[in-house]
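For reference, the structure is listed below as C-alpha cells.
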Amino acid sequence: MESQEFRTRAHEFVDWMADYLDRVSELPVKAQVEPGEILARLPSEPPRSAESFDQIFDDFESIIVPGMTHWQHPSFHAYFPANSSRPSVLAEMLTATLGAQCMSWETSPAATELEIRILDWLRQMIGLPPAFVGSIQDTASTATLCAMLVARERATGYAVNERGAAGVGSMTAYCSNAAHSSVEKDAKIVGVGQQNLRKIPVDSAGAMIPEVLDRTIAEDLESGHTPTCVVATVGTTGASGFDPLGPIAAITQRQGVWLHVDAAWAGSALLLPEYRALVDGVEHADSFVFNPHKWLFTNFDCSAFYVRDRDALLRTFEIHPEYLKTRQDSVATNYRDWGIQLGRRFRALKLWFVIRSYGVDGLRSKIRSHIEMAKSLATDLEAARDFEVLVPPTLSLFCFRFKPRAIDDESTLDELNETLLHRLNDGGKLYLTHTRVRGMFAIRFVVGQTETEAPHVKQAWQLIQEAARSLVTAEPR
Ligand SMILES: Cc1ncc(COP(=O)(O)O)c(C=O)c1O
C-alpha cells in the first residue's frame, strides 16, 4: 500500500470507527451466530495474489462485524467489562503506527520511561504505598503467574530456576475457593500442581477464612511441604467477594509466604477513597495486580502489576544473552527482565492518553456512576416481590435470580433462571452471564461500560422483568 492510499484509507477508517462507536448500541450486543458459521465463510486457503482493499474491508463489514460480540455496547453487563474509550483507541492507533518493540530501554527509551511514570501515577491513584514498583503485563493471568514464579523462587532459594524442580520437594500455594481460574492455571504452570493449590473456604460474604488459611499452611509445613504463595482476591469474579488482606497478610508475614493480591476488576474502584478500606492491609502484600483494561477505559490488553521486592522479581526473570546487552543495562530499566515475554507492546501510551483526557476526577466520577447504577438497580430488584438479590453490590456487580412466589423447588428455579438468561441474551438487547451462589443458579449484573447510562440500566431492568414474567403464566405480582 502506497502512502497516499494509506492516508485515504486511514481517514475512511477513522470515520468508520467513529460511526461504529456512535451506533454500537443499535447492534445485537451478543453475537447472534452459531459455532462454525463464520469459519464457513472464510476461504480455506490463503490468497495467492493480492486482493483489493475494498474487498477486504467489505468482508470485514459483512463477515467479521456480525460475528462479533460488542464489548463496547452500553448494555454489555456480562463477565467483567473490557471497557475502552475514544482517547485510548486513538492512542492505540499511534502505538500501531510506531510499531515499536519495547523490550529494553534502548529499543524504546520513551516507552520505558513513560511506563515507569504512568505505573507510578496509577499506583498513587489507587493508593498503593511508594514501595510498590510496577510494570504493564498483558493480562492478570500473566501477572499472577509472574507473582507465583517469584514466590516459588523466593521460597526455594532460587533453586527451581537453577536446577529444576526435582529435589525441592512438594510446593504448595493457596487461594480461596472463589478465586479466579487463572490461579489454578498458573499453579499448573509454576510446578505447584493443581492438587497442591489449597482452596481455602470462604465465609457467607465470599471472603477467604483466614483461620483456615493459617491452619492449612501450618499443616503443610508440618508435613514437609514448601508453601510458596497465597493469592488473595479483591473482587472475586463470580460474586464479588473480598478477601480480608489485613488478617491474611499477618499470616503470610508470620509464615514467610509471598502474598499476591488479585484485584483484576475491583482495583479500579480503589481510585475512590471511599472504597480503599476494601484493601486494608495491602501495604503488607508482596505483589498486586489490577486491569485498567477491565474498568479504566483502556483498551485490552493492559494489566498493571506491582511488586515490592524488585530484586526478587529481577532475579527470577533476568537473563543476559550477548545479543541483548546494551550499554545502558546497568543504569536503565529493561522491562524485558520484569516478566515472561521478551518482546513488549507500547501499552503505557494509551494509559497516558486516558488518564490525561479524563483526569483522575473524571475517571472517579465514571466509576462512581457505575457503582451507583448497579446499586440503584439492585434496590429495584429487591423491591420486586418476584426477584431476589443473592449477592448485593459492594461495587458494580451483583447477583440475582427470578423467584416467582409459586415456585420453591430449587432445581426448577435453576432451570427457570437459566432459560431466562438465554432468552435475554438471544434477544440481543443486553448481555448477562451467570454463576452459582450458595448452590443456586444466579444471574450476574455488572455495570462498567464506558457509555452505560441510567436509561440503559432501566431498559435492562424492563427487559429482565418482561422476559422473566413471560416465562411463568398467571404469576401474581
Ligand atoms: C479476579 C480475576 N482475576 C483474574 C482474571 C483474569 O483476567 P485476565 O483476562 O486479565 O487474565 C479475571 C477475569 O475476569 C478476574 O475476574
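Counting starts at 1 for both ligands and their atoms, in listed order.
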Stepwise salt bridge (charged side-chain N to carboxylate O under 4.0 Å, His left out) test for Asp120 and Arg117: CA-CA 5 Å; Asp120 199 59; Arg117 181 61 74 221; 5.2 Å; no
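Annotation: side chain of Glu418 is not in contact with side chain of Arg423 (no heavy-atom distance under 4.5 Å).
At a 4.0 Å cut-off, not a single heavy atom of Trp265 sits close enough to ligand 1 to count as contact. The shortest heavy-atom distance from Ser182 to ligand 1 is under 4.0 Å. Residue contact annotation: Gly235 has a non-hydrogen atom under 4.0 Å from ligand 1.
For the pair Glu115 and Arg347, the salt-bridge criterion is not met [side-chain N within less than 4.0 Å of a carboxylate O]. Ion pairing between Arg308 and Glu283 fails under the 4.0 Å rule for side-chain N and carboxylate O. Using a 4.0 Å cut-off between charged nitrogen and carboxylate oxygen, Glu92 and Lys350 count as a salt-bridge pair. Under a 4.0 Å N-O distance rule, the pair Arg345/Asp138 does not qualify as a salt bridge. Here Lys458 does not pair with Glu453 in a salt bridge; the nearest charged N to carboxylate O distance is not below 4.0 Å. Using a 4.0 Å cut-off between charged nitrogen and carboxylate oxygen, Lys403 and Asp414 do not count as a salt-bridge pair.
The part of Asn291 lying near ligand 1 is the side chain, judged by heavy-atom distances below 4.0 Å. The proximity of Asp262 to ligand 1, defined as any non-hydrogen pair under 4.0 Å, is limited to the side chain.
Ranking the protein heavy atoms by distance from atom 11 (O) of ligand 1 puts Ser141 OG, 2.5 Å first. Scanning the protein heavy atoms around atom 13 (C) of ligand 1, the nearest turns out to be Lys294 NZ, 3.1 Å. In this structure, the protein non-hydrogen atom closest to atom 6 (C) of ligand 1 is His180 CE1, 3.4 Å.
Checked by distance only, ligand 1 and Thr237 come closer than 3.5 Å through their nitrogen or oxygen atoms.
With ligand atoms numbered from 1 in the order given, ligand 1 contributes 14 (O), 16 (O) to contacts under 4.0 Å with heavy atoms of Phe80. Atoms of ligand 1 lying under 4.0 Å from at least one heavy atom of His293, given by number and element, are 10 (O). Atoms of ligand 1 found under 4.0 Å from any heavy atom of Ala264 (numbered from 1 in listed order, with element): 2 (C), 3 (N), 4 (C), 15 (C).
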